[in-house]
Amino acid sequence: MSVCFALLGAGRIGKVHAKAITGNNDAKLVAVMDAFEQAASELAAAYDCEVRTLDEIEAASDVDAVVICTPTDTHADLIERFARAGKAIFCEKPVDLSIDRVRECLDTVRETGAKLMVGFNRRFDPSFQAVRAAIDEGRIGDVEQVVLTSRDPGPPPAEYIIKSGGIFRDMTIHDFDMARFLLGEEIISVTATASVLVDKEIGELGDFDTASILLVTASGRQCVITNSRRATYGYDQRIEIHGSKGMLAAENQRPLMIEIANEQGYQRPPLHDFFMTRYVEAYAAEITSFIAALRDGAEITPTGEDGLKALILADAALKSATEKRIVEIG
Ligand SMILES: NC(=O)c1ccc[n+]([C@@H]2O[C@H](COP(=O)([O-])OP(=O)(O)OC[C@H]3O[C@@H](n4cnc5c(N)ncnc54)[C@H](O)[C@@H]3O)[C@@H](O)[C@H]2O)c1
């Protein structure tokens, strides 16, 4: 039996998930809802499903699960609403920008027994999964240092920045989750520095566009994250891990994996231009994992708790950058 989905929010990431759901043999996209009617009807036409209201989706007996792709400030309310309605929930990151609100929302999830997965797609990237598998197999010994490089091709518009919660909660949150995924131990301290080097307007809005973060675990394992809202050469996503017996690396991906060498030197095609193409396999794999967990009754990861822990690290990084000090995680 297919898992039947309703998609809430038909914007950038909503379109990616619609493609992943409809490309999965064990899933069916039944309905779509968006505050902007045209966005919903275009997606419904593209994937042959119905446009429905939230009330209709809530009451629908032919909807098993919702995928929340609406703006961040709507996530917690929607999670609570659909948890009470008995639907399984996949929610895009972050659950909310307030730690208190996330805790309250996760209480409702716990009380209702709802199934909730948070969209930390990078855990499902085939190369990053292979990195994690190599660590688990002991191929580089004990993890000692993780280096995460994560740069967007260009800054988002001001309207996005205003609602984003800032670079740490919006962008670095993926890296905080990857750090936890790869370090194998919880993080106990955060040191961050942040600047405005790309776009003055981002600074005027009270945010940063360039950040470096150092995370440390109880045993002293370290992770360094570098973020920028600009990379002139494309979407820069790399991982390097140093262990007691070796080193592991996941290099940037390109739509075309060729190399040309001639008298001008070595040349390779550009990187992916952004997340919609770079992580297409990861988005499909995370939806597959969600579906498999719903069908088999298996544990769902990443959980709401993973979402909360990444947000706690984001808040600690902001505190560290603004107060210019190391912040301990309680
Ligand atoms: N995991 C990832 O890689 C990733 C990537 C991008 C975005 N996101 C997250 O996904 C969410 C959406 O981001 P996006 O970039 O797709 O945004 P977007 O603006 O492209 O799309 C949001 C859609 O939601 C609709 N909408 C707005 N308010 C609504 C409401 N109250 N009810 C229903 N629909 C509403 C808008 O009309 C729009 O179509 C954000 O929380 C963002 O953090 C995650």
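Every number for a ligand or one of its atoms is a count from 1 in the order of the listing.
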(message) Taking 4.0 Å as the limit for heavy-atom contacts, which would you say applies to T74 with ligand 1: side chain only, backbone only, both, or neither?
(response) side chain

(request) Please work out which of R12, K15, H17 has its closest non-hydrogen atom nearest to atom 14 (P) of ligand 1. (result) R12

(request) Number the atoms of ligand 1 from 1 as they appear, then name those within less than 4.0 Å of a heavy atom of G119, with their elements. (result) 1 (N)

(message) Between H272 and Q237, do the side chains contain a donor N or O and an acceptor N or O under 3.5 Å apart?
(response) no

(message) I'd like the name of whichever of P156, P71, G9 reaches closest to atom 26 (N) of ligand 1 through any heavy atom.
(response) P71

(request) Please report which non-hydrogen protein atom sits nearest to atom 21 (O) of ligand 1, along with the residue it belongs to and the distance in Å to one decimal place. (result) G11 CA, 3.2 Å

(request) Around atom 23 (C) of ligand 1, find the nearest protein heavy atom and jot down its residue, atom name and distance. (result) D34 OD2, 3.6 Å

(message) Against ligand 1, does N121 come closer than 4.0 Å with any heavy atom?
(response) yes

(request) Would you mind finding which of E37, H75, M276, K93 brings a heavy atom closest to atom 43 (O) of ligand 1? (result) K93

(request) Give the numbers and elements of all ligand 1 atoms closer than 4.0 Å to a heavy atom of H174. (result) 1 (N), 2 (C), 3 (O)

(message) Can you confirm if the aromatic rings of F5 and H17 lie within a centre distance of less than 6.0 Å?
(response) no

(request) Take atom 19 (O) of ligand 1 and look for protein heavy atoms under 4.0 Å from it; say yes if you find one, no if not. (result) no

(request) Give the contacting part of Y283 toward ligand 1: side chain, backbone, both or neither, where contact means a heavy-atom distance below 4.0 Å. (result) side chain

(request) Output yes when the distance from some N or O of ligand 1 to some N or O of A35 is under 3.5 Å, and no in every other case. (result) yes

(request) Would you give the length of the straight line joining atom CZ of F82 to atom NZ of K87, rounded to the nearest 0.5 angstrom? (result) 8.0 Å

(message) For atom 40 (C) of ligand 1, what is the closest protein heavy atom, and at what distance to 0.1 Å?
(response) T72 OG1, 3.6 Å

(request) Provide the number and element of each atom of ligand 1 under 4.0 Å from a heavy atom of F275. (result) 5 (C), 6 (C)

(request) Report yes or no: is the cationic atom of R151 (NZ for Lys, CZ for Arg) under 6.0 Å from the centre of the six-membered ring of Y235, at an angle within 45° of the ring normal? (result) no

(message) Would A39 count as being in polar contact with ligand 1, using the rule that some N or O on each side must be under 3.5 angstrom apart?
(response) no

(message) List ligand 1 atoms under 4.0 Å from F36, heavy atoms only on the residue side.
(response) 37 (O)

(message) Minimum heavy-atom separation for I187 and L215, please, with both atom names.
(response) CD1-CD1, 3.7 Å

(message) Check whether F128 forms a cation-pi arrangement with R278 (NZ or CZ under 6.0 Å from the six-membered ring centre, at most 45° off the ring normal).
(response) yes

(request) Would you kindly specify which portion of M33 sits under 4.0 Å from ligand 1, judged on non-hydrogen atoms: side chain, backbone, both or neither? (result) side chain

